[in-house]
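Letters A, B, ... are given to chains in the order of the sequence lines, protein chains preceding strands, and every chain is numbered from 1. Everything quoted here is computed from the prediction, not taken from an experiment.
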Amino acid sequence: MTIPAPSAGTNFIRTLIDQDLASGKHQAIITRFPPEPNGYLHIGHAKSLCLNFGLALHYGGCCHLRFDDTNPVKEEQEYIDAIKADVRWLGFDWGTHEYYASDYFEKLYGFAERLIEKGLAYVCDLSADQIREYRGTLTEPGRESPYRNRTVAENLDLLRRMRAGEFADGSRVLRARIDMTSPNLNLRDPVLYRILHATHHRTGDAWCLYPMYDFAHGQSDSIEGITHSICTLEFEAHRPLYDWLCDALAIYHPQQIEFARLNLTYTVMSKRRLLELVNEGRVAGWDDPRMPTLSGMRRRGYPAAAIRTFCDRIGVGKSDSVIDMSVLEDCVREELDRTAPRAMGVLRPLKVVITNYPAGEAEQLTVPNHPKEPAFGTRMLPFGSELYIERDDFMENPPGKYFRLAPGREVRLRYAYIIRCDEVIKDPASGEIKELRCSYDPATGGGETPDGRKVKGIIHWVAAANAVPAEIRLYDRLFSVANPTADKASDYRGTLNPESLEILGEALLEPTLAAAAPGSCFQFERLGYFCVDAGTAPGRPRFNRTVTLRDSWAKMVGAES
RNA sequence: AGGGGCGUCGCCAAGCGGUAAGGCACCGGAUUUUGAUUCCGGCAUUCCCAGGUUCGAUCCCUGGCGCCCCUGCCA
């Protein structure tokens, strides 16, 4: 596994840590990545991963992987396994530092009793609806619960009986005793524990009492000695509670720091919505190549290194932002240009017969696997009298500046000869072009043009004789609008792009591609980067298009229409 | 409306009182057996607005305006 290089750029969090190190507040830093195992990781998590692990790498500190598993009704082992696989794939190593909030349940419960003993928490019998009523609103203060002044002894007794399973779900909760008039609603006696008779994926039925996020997260940070607890902006209003709890319990007090979560154009980034897309069958699963999940991107062919570069490039700040998808695609192209061997494949084949090439004969061309990197070596490419070219590379009535094949025109077959189109054969009934009759110039092999004539167009091709039939999946943006959730009046699903997946069943590839291993990535010359799908069947490969090449011709044509 | 944040180029983002980095996108041009890559050049007299302090302000002060988050026994 390649070791990710720590980011070169700086940000407000690094500035803050530099100060903490300089002032002697800390000698070393410990961060953590705290996913809840209730879904798969997405590119937004990658930002957090790169930040937290990157900081540890940069400062020679340590980053813990901690599962925030305090809600048994939503969490599953499947997600834990998937999350660990994704973190590893991204290139990060948590060593022995794999933790679970559920490992701290006993300790957390002890904290609860400590709070009660200090008169800082109480058992409340109000229903969920009543608690909401008592909480007040953004502008009006809340009212104190009638159970707020129970004695320490009574609270302790009740909490113990809650733990013992004497009460039904929802009948009682443990609350912090803070201030019902606080302008920060999180401080209006927040719920710390709720009763949940549910089987936990790790602790089984040992508990029927589960801590809320606010009473688990900061405490777990404290237990692990986290120095900088980095979370997203929406937890900003929780920070006063985070601080209050650490102080009330008189435990080690980590510093919570918030940053802006990642948003990407043409996709959604909430686990709830991604789960909906999966459950409603709008995509083929969490790892559908159109999904912004790490597993989806991996299947799509995005290299982990490209995702790390992306996270570096976008920076870390506190202002809400939406990153253009082109930034990610640029990172993917940059990485793949360096690392992907070249190959030839025809997506939508058009038959070409070379009339002056001896029928039945063939030759083997030796061609490079990378235009700039000799270390990639060479491979053999068969050439014969029957070939296939891309339908797009021929036009009967080409517009100006089109320099591919057209009747009477010449074009070079990449790494082979120059051919001229002599005849167009059509289906008499439909008028569809069935085949091209061309002649080749034997003197122009290997890139030679002895007479110095100019042939601007170079196209890719595949020899018919040994062509490998393949299925190619073309992906486009999942949504057809840049910000699917911007319009709060309508459902984001209405903006799903109906053309986000196009399946091409008749593609033809050069022979070497038949044996390509699942997951391996190639550049199909002039088309884009493609990777062998994880679910590919032997004998008939299935490729996913990772990303197209930049295409200034398409841009020019698109601009005119 | 109460509280907490944020506002520098189309999208991100440096900048921390001394006269606006960088990336993506976009537009030119060179090289090229991928209309790819690479390369070279262009792209904010201006930092949400208005006042003020200062020799000097994107950076400090005051007042506006705009956007985001908070009323789960989710995280």
A.B. asks: Considering only B/rC69, B/rU34, B/rA14, which nucleotide approaches the side chain of A/R414 most closely?
C.D. replies: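 Closest of the options to the side chain of A/R414: B/rU34.
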A.B. asks: Can you check the A/D312 CG to B/rA14 C1' distance for me, whole Å?
C.D. replies: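 That distance rounds to 14 Å.
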A.B. asks: Which nucleotide, B/rA36, B/rC6, B/rU71, lies nearest any side-chain atom of A/S319?
C.D. replies: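 The answer is B/rC6.
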A.B. asks: At 4.0 Å (heavy atoms only), tell me whether A/P34 reaches a base, stays on the sugar-phosphate, or touches nothing.
C.D. replies: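 No contact.
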A.B. asks: Just the atom pairs and distances: protein N or O near nucleotides 23-26 of chain B's N or O, under 3.5 Å.
C.D. replies:
| residue | atom | partner | partner atom | Å |
| --- | --- | --- | --- | --- |
| B/rC24 | O2' | A/S326 | OG | 2.7 |
| B/rA25 | OP1 | A/R550 | NH2 | 3.4 |
| B/rC26 | OP1 | A/K555 | NZ | 3.0 |
| B/rC26 | OP2 | A/K555 | NZ | 3.4 |

A.B. asks: What interatomic distance, in whole Å, is found between C1' of B/rU46 and the corresponding atom of B/rA20?
C.D. replies: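 Result for the C1' pair: 7 Å, nearest Å.
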A.B. asks: If we only count heavy atoms from C-beta on, is the A/I389 to A/V346 side-chain gap below 4.5 Å?
C.D. replies: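 A/I389 does not reach A/V346 side chain to side chain.
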A.B. asks: By the 4.0 Å heavy-atom rule, please label A/H217 as base, sugar-phosphate, or nothing.
C.D. replies: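 Since no nucleic acid heavy atom lies under 4.0 Å of A/H217, the category is nothing.
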A.B. asks: Of the nucleotides B/rA75, B/rU34, B/rU38, which one has an atom closest to the side chain of A/Q523?
C.D. replies: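 For the A/Q523 side chain, the nearest candidate turns out to be B/rU34.
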A.B. asks: Has the side chain of A/H460 got a donor or acceptor atom sitting under 3.5 Å from an opposite partner on the base of B/rA36?
C.D. replies: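 Not at all, since no donor on one side and acceptor on the other fall under 3.5 Å apart.
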A.B. asks: Quantified in whole Å, what is the P atom distance between nucleotide B/rA25 and nucleotide B/rC12?
C.D. replies: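 Rounded to whole Å, the distance is 15 Å.
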A.B. asks: Quantified in whole Å, what is the P atom distance between nucleotide B/rU31 and nucleotide B/rC24?
C.D. replies: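 Taking atom P in both B/rU31 and B/rC24, they lie 23 Å apart.
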A.B. asks: Just N and O in the side chain of A/R404: are any of them under 4.0 Å from OP1 or OP2 of B/rG35?
C.D. replies: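 So the side chain of A/R404 is outside the cut-off, no N or O lying under 4.0 Å from OP1 or OP2 of B/rG35.
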A.B. asks: Could you tell me whether B/rG41 is syn or anti, where syn means a glycosidic angle within 90 degrees of zero?
C.D. replies: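 What B/rG41 shows is an anti base, its glycosidic angle lying more than 90° from 0.
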A.B. asks: By the 4.0 Å heavy-atom rule, please label A/V191 as base, sugar-phosphate, or nothing.
C.D. replies: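 Here A/V191 touches the backbone only, sparing every base.
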A.B. asks: Would you say A/R135 reaches B/rG2's phosphate, i.e. side-chain N/O to OP1/OP2 under 4.0 Å?
C.D. replies: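 For A/R135, the contact criterion (side-chain N or O under 4.0 Å from OP1 or OP2 of B/rG2) is not met.
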A.B. asks: Specify whether A/F105 and A/Y210 have parallel, tilted or perpendicular ring planes, treating 30° as the upper limit for parallel and 60° as the lower limit for perpendicular.
C.D. replies: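 Because their plane-to-plane angle is over 60°, the rings of A/F105 and A/Y210 count as perpendicular.
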A.B. asks: How are the rings of A/H45 and A/H42 set relative to one another: parallel (under 30°), tilted (30 to 60°) or perpendicular (over 60°)?
C.D. replies: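 Answer is tilted, since the angle falls between 30° and 60°.
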A.B. asks: Closest approach to the side chain of A/R194, judged atom by atom: which nucleotide of B/rU37, B/rA75, B/rG15 is it?
C.D. replies: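 That would be B/rA75.
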A.B. asks: Using the side-chain heavy atoms of A/T139, tell me which of these nucleotides is nearest: B/rG5, B/rG2, B/rC12.
C.D. replies: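 So the side chain of A/T139 is nearest to B/rG2.
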A.B. asks: Could you tell me whether the side chain of A/Y134 and the main chain of A/D129 form a donor-acceptor pair under 3.5 Å?
C.D. replies: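 No, A/Y134 side chain to A/D129 backbone: no donor-acceptor pair under 3.5 Å.
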A.B. asks: Has A/Y213 got its ring stacked on the base of B/rA75, with centres under 5.5 Å and planes less than 30° apart?
C.D. replies: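 Base of B/rA75: not stacked against A/Y213.
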A.B. asks: Count the heavy atoms of every other residue, nucleotide or ligand shown that sit under 6.0 Å from CZ of A/R420, and state whether that count exceeds 12.
C.D. replies: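 It does not: A/R420 CZ has 12 such atoms or fewer within range.
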A.B. asks: Is the cationic atom of A/R202 (NZ for Lys, CZ for Arg) positioned less than 6.0 Å from the six-membered ring centroid of A/Y100 and within 45 degrees of its normal?
C.D. replies: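 Checked: cation-pi criterion met.
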A.B. asks: Looking at A/R261 and A/D320, is there a salt bridge between them, counting it only when a charged N and a carboxylate O are closer than 4.0 Å?
C.D. replies: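 Result for this pair is no, no salt bridge flagged.
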A.B. asks: Which part of the nucleic acid, if any, lies within reach of A/L138 when heavy atoms closer than 4.0 Å are counted: base, sugar-phosphate only, or nothing?
C.D. replies: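 Result for A/L138 = base.
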A.B. asks: Select base, sugar-phosphate, or nothing to describe what A/T137 touches, counting heavy atoms under 4.0 Å on all strands.
C.D. replies: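 Here A/T137 touches the bases of the nucleic acid.
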A.B. asks: For a quick test of reading the model: is some side-chain N or O of A/R412 closer than 4.0 Å to OP1 or OP2 of B/rU34?
C.D. replies: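 A/R412 to B/rU34 OP1/OP2: no side-chain N or O under 4.0 Å.
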A.B. asks: Distance check needed: B/rU34 P versus A/Y415 OH, whole Å only.
C.D. replies: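 That distance rounds to 8 Å.
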A.B. asks: Roughly how many Å is it from CZ in A/R342 to P in B/rU37, rounded to a whole number?
C.D. replies: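 Whole-Å distance recorded here is 11 Å.
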A.B. asks: Could you tell me how far B/rG7 sits from B/rC26 if I compare only their P atoms? Round to whole Å.
C.D. replies: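 The answer is 27 Å between these two P atoms.
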A.B. asks: Quantified in whole Å, what is the P atom distance between nucleotide B/rC60 and nucleotide B/rC16?
C.D. replies: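 That atom pair is separated by 11 Å.
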A.B. asks: Return the value, rounded to whole Å, for the distance between atom CG of A/L262 and atom C1' of B/rC11.
C.D. replies: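 In whole Å, B/rC11 C1' lies 13 Å from A/L262 CG.
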A.B. asks: Do any N or O atoms from the side chain of A/D337 and from the backbone of A/R333 form a donor-acceptor pair under 3.5 angstrom?
C.D. replies: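 Side chain of A/D337 to backbone of A/R333, a donor-acceptor pair under 3.5 Å: no, none is there.
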A.B. asks: For B/rG52 versus B/rC11, give the span between their C1' atoms, rounded off to a whole number of Å.
C.D. replies: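 So the two C1' atoms sit 34 Å from each other.
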A.B. asks: Just checking A/V316: base, sugar-phosphate only, or nothing, at a heavy-atom cut-off of under 4.0 Å?
C.D. replies: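 Counting heavy atoms under 4.0 Å across all strands, the contact made by A/V316 is with sugar-phosphate only.
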A.B. asks: Taking only the P atom of each, what is the distance from B/rA21 to B/rG29 in whole angstrom?
C.D. replies: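 Straight-line distance between the two P atoms is 26 Å.
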A.B. asks: In whole Å, what is the span from the CZ atom of A/F12 to the P atom of B/rC59?
C.D. replies: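 Rounding to the nearest Å, CZ of A/F12 and P of B/rC59 are 21 Å apart.
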A.B. asks: Measure from NZ or CZ of A/R412 to the centre of the six-membered ring of A/Y417 and say whether it is under 6.0 Å with the direction within 45° of the ring axis.
C.D. replies: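 Verdict for A/Y417: no cation-pi partner in A/R412.
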A.B. asks: For A/L126, which contact category applies under a 4.0 Å heavy-atom criterion: base, sugar-phosphate, or nothing?
C.D. replies: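 Result for A/L126 = base.
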A.B. asks: Give A/V455 one of three labels, base, sugar-phosphate or nothing, depending on what nucleic acid heavy atoms sit under 4.0 Å from its own.
C.D. replies: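 Answer is nothing: A/V455 stays at 4.0 Å or more from every strand.
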A.B. asks: Go through B/rG15, B/rA75, B/rU37 for me and flag the one nearest to the A/D337 side chain.
C.D. replies: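 So the nucleotide nearest the side chain must be B/rU37.
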A.B. asks: Say we look at B/rU58 and B/rG51: how far apart would their P atoms be, to the nearest angstrom?
C.D. replies: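 It comes out at 14 Å once rounded to the nearest Å.
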A.B. asks: Ignoring the backbone of A/N11, work out which of B/rC68, B/rA14, B/rC74 is nearest its side chain.
C.D. replies: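 Looking only at side-chain atoms, A/N11 lies closest to B/rA14.
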A.B. asks: Quick one: is B/rA75 close enough that its OP1 or OP2 comes under 4.0 Å of any side-chain N or O from A/T70?
C.D. replies: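 Looking at the OP1 and OP2 atoms of B/rA75, one of them is under 4.0 Å from a side-chain N or O of A/T70.
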A.B. asks: Quick one: label A/L549 by what it contacts on the DNA or RNA (base, sugar-phosphate, nothing), any heavy atom closer than 4.0 Å.
C.D. replies: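 Since a base atom lies under 4.0 Å of A/L549, the category is base.
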A.B. asks: Tell me what A/Y402 touches on the nucleic acid: a base, only sugar-phosphate, or nothing, going by heavy atoms under 4.0 Å.
C.D. replies: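 If one applies the 4.0 Å heavy-atom cut-off, A/Y402 turns out to touch a base.
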A.B. asks: Could you check whether the rings of A/F479 and A/Y492 sit parallel, tilted or perpendicular, using 30° and 60° as the cut-offs?
C.D. replies: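 If you compare the ring of A/F479 with that of A/Y492, the planes turn out tilted.
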A.B. asks: Which part of the nucleic acid, if any, lies within reach of A/F403 when heavy atoms closer than 4.0 Å are counted: base, sugar-phosphate only, or nothing?
C.D. replies: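 The residue A/F403 makes base contact.
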A.B. asks: Which of these nucleotides, B/rG35, B/rA14, B/rA75, is closest to any side-chain atom of A/S552?
C.D. replies: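 Side chain of A/S552 sits closest to B/rG35.
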A.B. asks: Begin with the C-alpha distance, continue with both residues' side-chain angles, and end with the deciding distance and a verdict on salt bridge (charged side-chain N to carboxylate O under 4.0 Å, His left out) for A/D189 and A/R148.
C.D. replies: CA-CA 9 Å; A/D189 290 11; A/R148 198 173 199 260; 2.7 Å; yes
A.B. asks: Any base atoms under 4.0 Å from A/R132, or only sugar-phosphate, or nothing? Heavy atoms, all strands.
C.D. replies: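 Sugar-phosphate: the residue A/R132, judged by heavy atoms under 4.0 Å, touches backbone atoms but no base.
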A.B. asks: Name the nucleic acid region contacted by A/R239, choosing base, sugar-phosphate or nothing; use a 4.0 angstrom heavy-atom cut-off, strictly under.
C.D. replies: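 Touches nothing.
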A.B. asks: Describe the nucleic acid contact of A/F235 in one word from base, sugar-phosphate, nothing, applying a heavy-atom distance below 4.0 Å.
C.D. replies: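 Base contact - A/F235 has a heavy atom under 4.0 Å of at least one base atom.
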